[in-house]
Engineer: 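Take this structure, written in structure tokens, and hold onto it; I'll ask about it next.
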Amino acid sequence: MALSDCRIIELPKIHDIRGNLTFVEGDRHVPFDIKRVYYLYDVPGGSDRGGHAHAKLHQFMIAMSGSFDVVLNDGDRERRYHLNRSYNGIYICPMTWRYLDNFSSNSVCLVLASAYYDEADYFREKDDFMAAVQALKK
Ligand code: TYD
């Protein structure tokens, strides 16, 4: 998997004067079965989140409210994405280093994930991640 596999996905939007509705179905709108949902909220201005990679986990992040940036690095290339729409999200494939910054006030980041929380799936150190990426290329 590489940065080119990660992408912004536009979700269905049911426009209604009573309020819009968006939905996400696993294996349809996102390329994995959804096993876990978590969200970041009350993020103080100026703080960073993330700063890790996952070996096997697939994730999809949506700015449910407000906005923030997601910076992705596959060991070769880095790209910054700005999320600010409730009907757009970013698919993050396994073996992608990520961090989140530039949170607006009252922003909420919803994350859909392909597996239960498992600390053993994390690369917490960037050097370990880079070494694992190089090893996969051999
Ligand atoms: P972490 O994934 O490092 O957060 P972020 O990438 O947003 O900075 O998780 C922060 C803490 O929360 C860490 O102690 C693990 C715990 N955690 C769970 O217990 N379950 C979960 O589903 C997640 C995502 C984190």
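Remember, it's 1-based here, ligands and their atoms both numbered in the order they're listed.
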Engineer: Is the ring centre of F123 less than 6.0 Å from the ring centre of H54?
Structural biologist: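 No, ring centres 6.0 Å or more apart.
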
Engineer: Who passes ring pair (Phe, Tyr, Trp, His ring centres under 6.0 Å) against Y38, sequence neighbours left out?
Structural biologist: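 Y38 satisfies ring pair (Phe, Tyr, Trp, His ring centres under 6.0 Å) with no other residue.
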
Engineer: List by chain and number: which residues place a heavy atom under 4.0 Å from ligand 1?
Structural biologist: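 The answer is R36, Y38, L40, R49, G50, H52, Y117, Y122, R124, counting any residue whose heavy atom sits under 4.0 Å from ligand 1.
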
Engineer: Taking NZ, NE, NH1 and NH2 as the nitrogens, is one of them in R124 or E119 under 4.0 Å from a carboxylate oxygen of the other?
Structural biologist: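 Result for this pair is yes, salt bridge flagged.
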
Engineer: Output all residues satisfying side-chain hydrogen bond (donor to acceptor under 3.5 Å, both in side chains) with R79, sequence neighbours left out; order by chain, then residue number.
Structural biologist: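 With neighbours one apart ignored, the set is empty.
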
Engineer: What is the minimum heavy-atom distance between D5 and C93, and which atoms define it?
Structural biologist: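 Where D5 meets C93 most closely, the heavy atoms are CB-SG, 3.8 Å.
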
Engineer: Donor-acceptor pairs under 3.5 Å, side chain of residues 25-32 to any protein atom, not counting sequence neighbours: which ones?
Structural biologist:
{"unit_1": "E25", "atom_1": "OE1", "unit_2": "R28", "atom_2": "NH1", "d": "2.8"}
{"unit_1": "H29", "atom_1": "ND1", "unit_2": "E25", "atom_2": "N", "d": "2.9"}

